[in-house]
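So you know, we letter chains A, B, ... as the sequences are listed, proteins then strands, and number each from 1. Quantities reported herein were computed from a predicted structural model and do not represent experimental measurements.
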There are 4 protein chains.
Amino acid sequence: MQSRTSAPRATGGRPRSATADAAILAATRAALVELGWSKLTLGDVATRAGVAKTTLYRRWAGKNELVVDAVAELFDELEIPDRGSLAADVEGVVLQFAAILARPEAKSGLMAVIAESVRDDALRARIRTSIVDRQKRLVLEGRARAQVRGELPPETDPEESARTTDLIFDVIAGTVVHRALVSAEPVDPDWARAFAKLLLNGLTASATA
Amino acid sequence: MQSRTSAPRATGGRPRSATADAAILAATRAALVELGWSKLTLGDVATRAGVAKTTLYRRWAGKNELVVDAVAELFDELEIPDRGSLAADVEGVVLQFAAILARPEAKSGLMAVIAESVRDDALRARIRTSIVDRQKRLVLEGRARAQVRGELPPETDPEESARTTDLIFDVIAGTVVHRALVSAEPVDPDWARAFAKLLLNGLTASATA
Amino acid sequence: MQSRTSAPRATGGRPRSATADAAILAATRAALVELGWSKLTLGDVATRAGVAKTTLYRRWAGKNELVVDAVAELFDELEIPDRGSLAADVEGVVLQFAAILARPEAKSGLMAVIAESVRDDALRARIRTSIVDRQKRLVLEGRARAQVRGELPPETDPEESARTTDLIFDVIAGTVVHRALVSAEPVDPDWARAFAKLLLNGLTASATA
Amino acid sequence: MQSRTSAPRATGGRPRSATADAAILAATRAALVELGWSKLTLGDVATRAGVAKTTLYRRWAGKNELVVDAVAELFDELEIPDRGSLAADVEGVVLQFAAILARPEAKSGLMAVIAESVRDDALRARIRTSIVDRQKRLVLEGRARAQVRGELPPETDPEESARTTDLIFDVIAGTVVHRALVSAEPVDPDWARAFAKLLLNGLTASATA
DNA sequence: GACTAATCGAGACGGTACGTCGGGTCTTACG
DNA sequence: CGTAAGACCCGACGTACCGTCTCGATTAGTC
C-alpha cells in the first residue's frame, strides 16, 4: 500500500509506530461494518484502534483518504487463476469481485468515496491508484490468455488495444458494482454465467440462450 | 413526483405553500452544483430558497430524501426516440444518460444517495422508485422495438425476460457510470459506438473490429 | 448585570432562555470552587448548567468574560452601613470585602481575570464596569459621612477630590486583595483595625500604637 | 536562583548545559512580552531558546514554575537607596516597584502565577521565596532607617513589629499593583508623593493637603 | 582511548479542551 | 394551522498544547 501522506521522514525524532497504521485501518473497516460511512467518525476509529485522534490525522488528511486505504486492502486478494476458458475466467473474476463487494465494509465505503471523488481530483487519483488500476491487470491477463487459447484474435493496434481494455474493464466493474450496490441483487454463479455469456457473445446471441 | 413525507393533509389551517417546494428543490440543485453533497447543508438550502428550516423539515425527512427528489427531476427528461436500429438506440440512450451524469448536480448527488442507500432500505426503495425504475422502461422499450425489427428474437419465458432486462440495465447503467465517474473519461459518440458494438456483438466479435 | 454580548435582539425567533443565564453563572461559580480557574472548562460548565456548549458561546465570548460576570455577582452584596465613625466604617467595608474574597470562587476567579486583563483592554473595561467601579461608591459614601461627622474636612477642589477618592480606593482594595490573595493571611477584625488605624492616622502615629 | 527541579546530579553522564537555562528564561520573558501568559506555550519557548521540549521539562515541572523563575529575576534589581527621609524612601520604592510592573513580562507573568498560586501551595511558597519576601526586606530597611532618623519611634514588641512590617508591605505592594494593573493608571511621581503622604500622615491629615 | 551514563535535538505519542459547524427540534410572533 | 426567525441540545469536527516517550547522536568524566 504505502500511500498515506507519505512524507518519507528525514532523520531524528521518534519513528512512527508501524502497528498503529494496521490498527487504524482495521478499526476503520470494523467501524464501516458497524456504522457505515456516514456515521463513522474519526474519533471513534481512533478509540477503536487504541490511538489518539492526532495520530490518525498525522497520517491521513481526512475520512475520505482513510477509508480509501482501508477499503483498498480488501482488493489486494483479487486473483484470476486460469480456469481454462475465457468465459470461465470472466465468471471467476466477477464472482471474486462480487464477493469483496458483498462485504459490508466494502459496500459502505466504496460508493461513498467514489461519490466524494466527484469533487476531489486528488481523491479520485488515490482511488484509481489504490483500487481501480490495480484490477485492470486482470483484464490484461485474461485477454492475453484468451489470445493464446485462440478465443480472441491477436491485437494489432496497441492504442486500440488499450481502449478496448479500458472498455472491458468499465463494463465488468461497472456492471458488477451496479448489480451489487444499486440494484442490490445477489451476484451468484447463475448471474455471473449470464453476464459472461452476454459479454462474450453479445445481446443478439445471448437473448436466444 | 409525490415523494416527500406525504401526510395527506387533514383539514383546516393554512395550506402549504406550493411554490416553496419548487424553490427548495431548485435551491438544492444549485447548492449541489456549488458545494457538492458533503458540504451541502440544509440550513443553506433553506436560506437559498428563502424559506425557514422548519418548512424544509416539514416536507422532507432529511438530506438524503431531499436530494433524491432534487436529483430525480433531472432524469425525467430521458427518452429513447426510435433511431432505426438497436445499435443506434443503445448509443442514443447511453449518450443521454451520460449527458445527465455530466451535470454536476447529478454527479454530486446521485452517487452520494446511492452510497447512503447501502444501509438504508427505505432510501434505496425511494431511489428505485424515483430514479432507477424510471429508466428501466427504456430498456424494455428498446428491446420490444428490436424484436419488432427482428434484431432480437421474441421472448418466451417471461421470468427469463425480466432477468435479461435487469442484466442489460445493469450493464448499460453500470458501465456508463463507471466510465463517467470512476474512470472519469468522457462518454463521447466514439466511445458510445464502441460500447454498443460490444454489447450487441460480444467480446469475440468486437475485438476483431 | 445585563453585560454579556448584549445584542438587544430585534424581533422574531425564539427568545433566549432567561433561566439559562442564571444556571450558567451558578455553574461557573461551582466549577470555580471545585476546579479553580485553570482547570475550568467551558464544556464542563455547560454540562453542569444543563445547557449546550453553543448556548454558552452564544452569550459569552470566552472563559474570561464568563468568569467576570460570574464573579461580579458576588460583589453586588457589598454595603456600607453607618457604623458611627470613619474608622468603624473602614473596618466594616474591609471585612465585608475580605469576606467575599475568602470565598473560593472569588479567589480562583478574580486574580485570574485581572491577570488576563493585562493584555485585553475590553476585558479590563468589563472588570472595571462590573466589579471595580461598583465599589468606588462606597468610598464616596464613607467620605461624605465622615465630612458630615466632622472627621474629615470638607472638599474644595472637585478634581483633587476625585484623585483622592481613587487613591483611597486603590489603597483599600489593593491592600485587602494583597493580604488575602498574595500574602494569603487572614483578614480578621484585628488586622482590619490595624489597617484602619494606619489608613486614618498614618505610619508615624500608627507605629506608636 | 537555585530553583528548578534540582536533582543533585549523581555522577557520570553528560552534564546539563549551563547556557540552556539562561536561554530558556530569556525566551520565556520574550514570549511573555509578545504573547502574554495565556498564549505562551512551552513548545514555543523551547523553540525560541533553541532547545528541545525535553530539555525544558527536565528542568522545570511546568509553565507556572518556569514563569516564576523567569519573572523573579526581574525583581533582583530592587534597591532602596537612602533618600534622606522616610517619605522620599517610600516614594522611591514605589516608583521602582512600579517601574518593574510596567514591564510587560512582569505584568503578564506575575499576576498569572499569583492567580495560579491560589490553589497551589507549593507554587505560592515558591513565589514567596523567589519574589515576595525578597521585597519585604526593603520595608525593614526603610523602617530601620526612619527609626535612626527619629521619624518613627523605636520598636518594642518584636511580634507586633513583624505584624506592622507585613501590613506596610501589603499596603505598599497591594496599592501599587492595584493602581497599575486594575485601575490601569500611571504610577508617576505625583501619585507616588500623594500616596506616600497618605501612608505617612493618614487620611485625616492628608485630606486637608 | 574505549567505556559509560546522562544529556541533547527531534518529533511521534495518548490525552484533553478548544471553538465552530451542522443536524434536527422547539418556541416565539405573525398571517 | 403554516411560516420566518432564531434559540436550543447534541455530537462531530479538525487544531492546539500538554507532558511523556522513543529514537539516534553528543559529550563529559571514569576506567
Side-chain angles (χ1 to χ4, degrees), chain A residues 7 9-17 20 38-44 46-47 49-63, chain B residues 9-17 20 38-47 49-63, chain C residues 7 9-17 20 38-44 46-47 49-63, chain D residues 7 9-17 20 38-47 50-63:
Chain A
R9 199 64 36 231
T11 55
R14 175 173 173 175
R16 288 194 178 166
S17 161
S38 61
K39 302 204 182 282
L40 177 151
T41 70
L42 296 199
D44 178 55
T47 305
V51 142
K53 224 180 359 158
T54 40
T55 298
L56 207 153
Y57 278 106
R58 208 175 286 121
R59 291 164 153 84
W60 286 277
K63 200 165 152 173
Chain B
R9 195 81 23 248
T11 52
R14 175 172 170 178
R16 286 189 180 165
S17 160
S38 61
K39 312 232 168 231
L40 176 151
T41 71
L42 294 196
D44 179 53
V45 168
T47 305
V51 141
K53 248 197 313 178
T54 327
T55 301
L56 206 154
Y57 275 105
R58 209 173 283 117
R59 290 151 201 252
W60 286 276
K63 201 165 152 173
Chain C
R9 200 64 34 231
T11 54
R14 175 173 172 176
R16 287 195 178 163
S17 161
S38 60
K39 302 204 181 278
L40 177 151
T41 70
L42 295 199
D44 180 55
T47 305
V51 142
K53 228 183 351 162
T54 40
T55 299
L56 207 153
Y57 278 104
R58 207 174 286 122
R59 291 164 152 86
W60 285 277
K63 199 164 151 172
Chain D
R9 197 74 24 244
T11 54
R14 175 173 173 176
R16 287 190 181 164
S17 160
S38 59
K39 312 231 169 231
L40 177 150
T41 71
L42 295 198
D44 179 53
V45 168
T47 306
V51 141
K53 248 196 317 174
T54 327
T55 303
L56 205 153
Y57 277 105
R58 211 174 281 122
R59 291 161 153 87
W60 285 276
K63 200 165 154 173

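Remark: P of F/dC17 and CG of D/Leu56 are 15 Å apart, rounded to the nearest angstrom. Distance CH2 (C/Trp60) to P (E/dC18): 15 Å, rounded to an integer number of Å.
OP1 and OP2 of E/dG9 both lie 4.0 Å or more from every side-chain N or O belonging to D/Arg58. OP1 and OP2 of E/dC26 both lie 4.0 Å or more from every side-chain N or O belonging to C/Arg16. Regarding contacts with the backbone of F/dC9, a side-chain N or O of C/Thr55 is found under 4.0 angstrom from either OP1 or OP2.
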Between the protein and nucleotides 18-20 of chain F, list every N/O to N/O distance that falls short of 3.5 Å.
{"unit_1": "F/dC18", "atom_1": "OP1", "unit_2": "D/Leu42", "atom_2": "N", "d": "3.3"}
{"unit_1": "F/dC18", "atom_1": "OP2", "unit_2": "D/Leu42", "atom_2": "N", "d": "3.0"}
{"unit_1": "F/dG19", "atom_1": "OP2", "unit_2": "D/Tyr57", "atom_2": "OH", "d": "2.8"}
{"unit_1": "F/dG19", "atom_1": "N7", "unit_2": "D/Lys53", "atom_2": "NZ", "d": "3.2"}
{"unit_1": "F/dG19", "atom_1": "O6", "unit_2": "D/Lys53", "atom_2": "NZ", "d": "2.9"}

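Partners of C/Ala49 according to the side chain to side chain contact (heavy atoms under 4.5 Å, CB included) rule, which considers only residues two or more places apart in sequence or in another chain, are C/Ala23, C/Ile24, C/Ala27, C/Val51.
Each of B/Lys39 and A/Gly13 has a nearest nucleotide on DNA chain E; the 5'-most of these lies closest to A/Gly13.
Scanning DNA chain E for stems, defined as runs of 3 or more consecutive Watson-Crick or G-U wobble pairs whose donor-acceptor distances all fall under 3.5 Å, gives the following ranges: E:1-31 with F:1-31.
The two residues B/Ala52 and B/Ala46 have their closest heavy-atom pair at C-CB, 4.1 Å. Nearest heavy atom pair, residue D/Leu42 against residue D/Lys53, reads O-CG, 4.4 Å.
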